[in-house]
Amino acid sequence: MRRALDEAANAARHGEVPVGAVITDQHGLVLAAAGNAVEARRDPTAHAEILALHEAATRLGEKYLQGCTITVTLEPCPLCAAAISLFRIKHLVFGAYDPKSGGVVHGPRVFDHVTCHHKPAVTGGVEESESAALLKGFFRSRRDRGGSAFTLD
């Protein structure tokens, strides 16, 4: 989770919503790490999870990431939850819960649908307070500074 938090903080410094994701293989080797890049890429799907999933699959030369774990600072949205399922991730670990836009524990609960063909093990609330503080600080800073880039104090 430390690496995911670092990716999230880096994303925030670049004006992105601070979400970070890391994918590790079954031995704990980091295959990919990314932060949100929606603004930089001008792509509403450039979420940390999507970028990390693509990078890990490319690195392995595989379309599925069976046996891998994705660690994310925020409960994945429905788009990212569906991608995690499609990539056949074994375990999802996330920090802060997202009652407004989450897709795993909140909202549509993607993994609970009968049309979901792969459901990873899910562990939520890991480093929850640090993950939530990063997000709250980012949005507070955006309000206070009129939308400028976030700086970690």
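Between R59 and E55 there is no salt bridge, since no side-chain N of the basic residue sits under 4.0 Å from a carboxylate O of the acidic one.
S131 and A96 make their closest contact through CB-N, 3.7 Å (heavy atoms, listed as atom of the first residue, atom of the second, distance). The shortest non-hydrogen separation linking Y97 to G124 is OH-C, 3.3 Å. T123 and H91 get closest at one heavy-atom pair: OG1-NE2, 2.8 Å.
No donor-acceptor pair under 3.5 Å is formed between the side chain of H118 and the backbone N or O of F87. One N or O on the side chain of T58 and one on the backbone of H54 form a donor-acceptor pair closer than 3.5 Å. With hydrogens and angles disregarded, a donor-acceptor distance shorter than 3.5 Å links the side chain of E16 to the backbone of E39.
Taking CZ from R143 and CZ from F138, the interatomic distance works out to 10.5 Å, rounded to the nearest 0.5 Å. Taking CD of E127 as the start and CG of L5 as the end, the distance is 6.5 Å to the nearest 0.5 Å.
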Under 3.5 Å, which donor-acceptor pairs link side chains of residues 99-110 to any protein atom two or more places apart or in another chain?
residue	atom	partner	partner atom	Å
H106	ND1	E75	OE1	2.8
R109	NE	V105	O	2.6
R109	NH2	V105	O	3.0

Output a table of donor-acceptor pairs, distance under 3.5 Å, between side-chain atoms of residues 60-74 and any protein atom two or more places apart or on a different chain; print 'none' if there are none.
residue	atom	partner	partner atom	Å
Y64	OH	R88	NH2	3.3
T73	OG1	G20	N	3.1

Ignoring hydrogens and angles, write down the donor-acceptor pairs under 3.5 Å from the side chains of residues 21-36, residues two or more places apart or on other chains.
residue	atom	partner	partner atom	Å
D25	OD1	H27	N	2.8
D25	OD1	G28	N	3.1
D25	OD1	L29	N	2.9
N36	OD1	A48	N	2.8
N36	ND2	V17	O	3.1

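More than 12 heavy-atom neighbours from other residues, nucleotides or ligands sit within 6.0 angstrom of CZ on R2.
Within the structure, salt bridge (Lys or Arg N to Asp or Glu O under 4.0 Å) contacts touching residues 110-120 (residues at least two apart or in different chains) are D112-K119.
Under the ring-ring contact (aromatic ring centres under 6.0 Å, His included) criterion, F111 pairs with no residue at all, not counting sequence neighbours.
With contacts defined as side-chain heavy-atom distances shorter than 4.5 Å, the pair V19/H47 does not qualify.
Taking Ile, Leu, Val, Met, Phe, Trp and Tyr as members and joining any whose side-chain heavy atoms lie under 4.5 Å apart, directly or through other members, the hydrophobic cluster of L79 also contains I50.
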